[in-house]
Amino acid sequence: MVEFLKDDLIDNRYLVKYVVGGGGFGKVLYVIDQENGEEKALKYCTSNSEEDIRRFKREVRIMENIDHENVIKVIDSNVEHHPPFFTMPVALYSVSKIIPDIQGDINRVIPVFESICKGINAIHFSGHTHRDIKPDNALVFDNSQIVVSDLGLAKFDERDTTVLTRASIYMGTYDYMPPEQMMYGGTRDLDHRGDVYQLGKTLYHLLTGYRPTVLNPDAVPTGIWYVIQRATRQNPDERYQSVNELLDALHDAVRATAPEMNSKGIFEELLLVAEEKLKNNQYDPRNISQLLQLIYSNDDMEEYISLFHSLPNRILQIYSSNMPTEFEAILEKYKRAIDEKIGEYPFSFAESVADKMEIVFKNTSSPNIKKIAIVSVLMAGQRLNRWAAMGVFDRLLQTIREEVDAYAVADGLREEMYDYKRLYDRIPKKELHPAIQVVWDICDREDSENNDNSI
């Protein structure tokens with residue numbers, strides 16, 4: 001491995017002044033160009049591995065083909081030199097250094113994050129994927145310009161004929177890695193949705209100051225959490241499918257929570273648009289997503305329930321059937337609101353909950369949404385002691401036949417055992433799916449033990 005030291009002359013041109021940093025198979029130096037006296041940053045390959053050298057050359061090739069203000073520029077390069085190198089403008093520091101100054105201030109975080117997103121977008125539009133997005137790999141210049149750097153793990157799209165052999169290991173930064181990157185060949189096969197995941201983790205880091213190994217929903221504003229949890233879904237198909245979608249959702253969340261905004265008025269306007277489109281059997285996914293985001297951003301649980309119940313049944317059908325990923329977070333918070341507030345409502349409100357949740361249950365294929373819907377009916381019916389709502393619960397429970405649905409619902413019943421124990425025996429055990437029968441047995445056994453203790 002070649003290592004350059006202070007006062008070394010690289011390629012008879014670049015005088016080394018000091019080491020800036022490095023990692024992986026590259027190191028960055030601060031150098032003076034002897035031809036014109038300009039200060040530059042020089043990155044060279046520190047590995048003798050043929051594969052690492054090919055990867056380094058790929059990084060140079062990608063950067064030379066992208067011309068965007070938020071992507072680091074290559075000034076000069078010599079990939080035939082031993083070791084290969086390229087030069088770039090000198091930055092002040094990485095974005096990581098400014099996190100203590102901007103964390104917690106959404107108005108200062110947004111411009112930084114937006115600059116990173118614009119850079120990643122440019123990389124995607126050029127047919128590449130970055131695959132190692134994090135604050136350390138974004139640089140700040142003296143004019144406050146922010147650029148994405150370190151494309152050492154970037155890859156070409158499907159047209160790329162270069163095959164690198166490290167398919168059996170993952171490469172990248174653990175705290176930011178999407179789950180698919182940790183699988184066999186994961187880094188090689190990662191696509192733009194992996195970058196969306198890493199951007200979600202990066203947004204969390206910028207806002208909280210904490211590395212995103214574990215995400216804490218209480219550490220960020222509610223509306224922003226909706227965006228982060230969507231961007232970092234386990235399944236790539238359930239994430240935002242582009243950087244633009246992620247940015248739109250983030251700006252919607254910020255607008256929804258701004259003190260000067262009349263969120264209820266905006267909700268009513270969006271709802272009016274949705275209802276007009278539904279008259280023609282149409283719907284606008286962006287309009288629907290904005291409605292969801294406005295509901296989710298509301299932390300007043302009574303108002304949350306009110307907004308949810310103002311949604312027309314047709315829109316609930318669309319959410320349940322066509323937008324399960326976006327809807328699941330909304331419904332989970334609705335269940336939490338019902339759990340906290342249902343006792344404050346008139347008895348008849350249990351039927352309203354049951355009616356809404358029956359629509360959701362019947363129109364979704366998501367096991368988790370089915371679980372949340374049926375548990376919400378359970379809590380409302382049992383706690384308000386309404387026979388009609390409990391009847392809906394009984395009926396839905398008896399319709400469950402699919403294994404994956406049954407295990408999800410059984411899990412929900414275990415979580416709400418206090419409520420389920422009070423009406424489990426309304427349905428004979430034999431009429432339930434075997435997975436739910438197990439929970440029925442637990443309730444029956446505890447009932448028997450309580451009766452024995454009372455004798």
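Position 1 is the first residue of the sequence, and the numbers go up from there. Because only heavy atoms are used, hydrogens play no part in the values below, and waters and symmetry mates are left out as well, while side chains stay in.
Residues Asp419 and Arg383 are paired through a salt bridge, judged by an N-O separation under 4.0 Å between the basic side chain and the carboxylate. Taking 4.0 Å as the cut-off between side-chain N and carboxylate O, Glu3 and Lys27 count as a salt-bridged pair. One finds no salt bridge joining Asp284 and Lys277 here, because no Lys/Arg side-chain nitrogen approaches an Asp/Glu carboxylate oxygen to under 4.0 Å. Between Arg131 and Asp195 there is no salt bridge, since no side-chain N of the basic residue sits under 4.0 Å from a carboxylate O of the acidic one. In summary, Asp339 and Arg336 do not engage in a salt bridge, as defined by a charged side-chain N under 4.0 Å from a carboxylate O. Taking the charged nitrogens against the carboxylate oxygens, Glu64 and Arg61 have no contact shorter than 4.0 Å, which rules out a salt bridge. At a threshold of 4.0 Å, the pair Arg239-Glu326 does not count as salt-bridged, since none of the basic side-chain nitrogens sits closer than that to a carboxylate oxygen. Ion pairing between Arg58 and Glu51 fails under the 4.0 Å rule for side-chain N and carboxylate O.
Residues forming a ring-ring contact (aromatic ring centres under 6.0 Å, His included) with Tyr30 (at least two apart in sequence, or on another chain): Tyr18. In terms of the side chain to side chain contact (heavy atoms under 4.5 Å, CB included) criterion, residue partners of His82 (sequence neighbours excluded) are, by chain and number, Val2, Asn48. Not counting sequence neighbours, Tyr197 has no partner by the ring-ring contact (aromatic ring centres under 6.0 Å, His included) test. Every residue meeting the side chain to side chain contact (heavy atoms under 4.5 Å, CB included) condition with Asp142, not counting sequence neighbours, appears here in chain and number order: Leu92. Scanning for ring-ring contact (aromatic ring centres under 6.0 Å, His included) contacts around Phe4 gives Tyr44, with sequence neighbours left out. Residues that satisfy the side chain to side chain contact (heavy atoms under 4.5 Å, CB included) test with Asp136, not counting sequence neighbours, are Ser94, Ser96, Lys134. Shown here are the salt bridge (charged side-chain N to carboxylate O under 4.0 Å, His left out) partners of Lys362, two or more places apart in sequence or in another chain: Glu358. Take Asp300 and apply the side chain to side chain contact (heavy atoms under 4.5 Å, CB included) test, not counting sequence neighbours, and it matches Asn298, Glu302, Glu303.
Here Ile369 contributes atom CD1 and Asp405 contributes atom CG; the two are 11.0 Å apart, rounded to the nearest 0.5 Å. We find the CG-CG distance between Asp150 and Leu139 to be 8.5 Å, quoted to the nearest 0.5 Å. To the nearest 0.5 Å, atoms CG (Leu246) and CZ (Arg193) are separated by 14.5 Å.
Proximity of Phe267 to Gln290: side-chain heavy atoms (C-beta onward) are nowhere separated by under 4.5 Å. Using a 4.5 Å cut-off on side-chain heavy atoms (C-beta onward), Lys335 and Glu416 make contact. Counting heavy atoms from C-beta on, the side chains of Leu311 and Ile295 come closer than 4.5 Å. In this structure the side chain of Arg233 reaches within 4.5 angstrom of the side chain of Glu328, judged on heavy atoms.
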Audit row: His130, Gln198, side chain to side chain donor-acceptor pair (under 3.5 Å) steps and yes/no: CA-CA 10 Å; His130 189 284; Gln198 293 177 343; 5.2 Å; no
Could you give me the CA-CA distance, side-chain angles and deciding distance for Ser320 and Asn363, then say whether side chain to side chain donor-acceptor pair (under 3.5 Å) is met? CA-CA 6 Å; Ser320 305; Asn363 284 278; 5.8 Å; no
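When the shell of 6.0 Å around CD of Glu38 is examined, it contains more than 12 heavy atoms from other residues, nucleotides or ligands. The 12-atom threshold is exceeded at CG of Asp237, counting heavy atoms of other residues, nucleotides or ligands nearer than 6.0 Å. Counting non-hydrogen atoms of other residues, nucleotides and ligands closer than 6.0 Å to CD of Glu50 gives a total of 12 or fewer.
Sequence neighbours left out, the pairs with a member in residues 306-327 that pass ring-ring contact (aromatic ring centres under 6.0 Å, His included) are Phe308-Tyr334, His309-Tyr334, His309-Phe349, Tyr319-Phe327. Listed by first and then second residue, the ring-ring contact (aromatic ring centres under 6.0 Å, His included) pairs involving residues 200-239 are Tyr226-Tyr296 (not counting sequence neighbours). Applying the ring-ring contact (aromatic ring centres under 6.0 Å, His included) test to every pair with at least one member in residues 98-126, sequence neighbours left out, gives no pairs at all.
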Using residues 69-76 as the side-chain source, report each donor-acceptor pair under 3.5 Å to any protein atom, sequence neighbours left out, with the distance given to one decimal.
from, atom 1, to, atom 2, distance (Å)
Asn70, ND2, Ile146, O, 2.8
Lys73, NZ, His68, O, 3.3
Asp76, OD2, Tyr14, OH, 2.9
Asp76, OD2, Lys40, NZ, 2.7
Asp76, OD2, Thr87, OG1, 3.4

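No donor-acceptor contact under 3.5 angstrom links the side chains of Asp191 and Thr129, judged on distance only.
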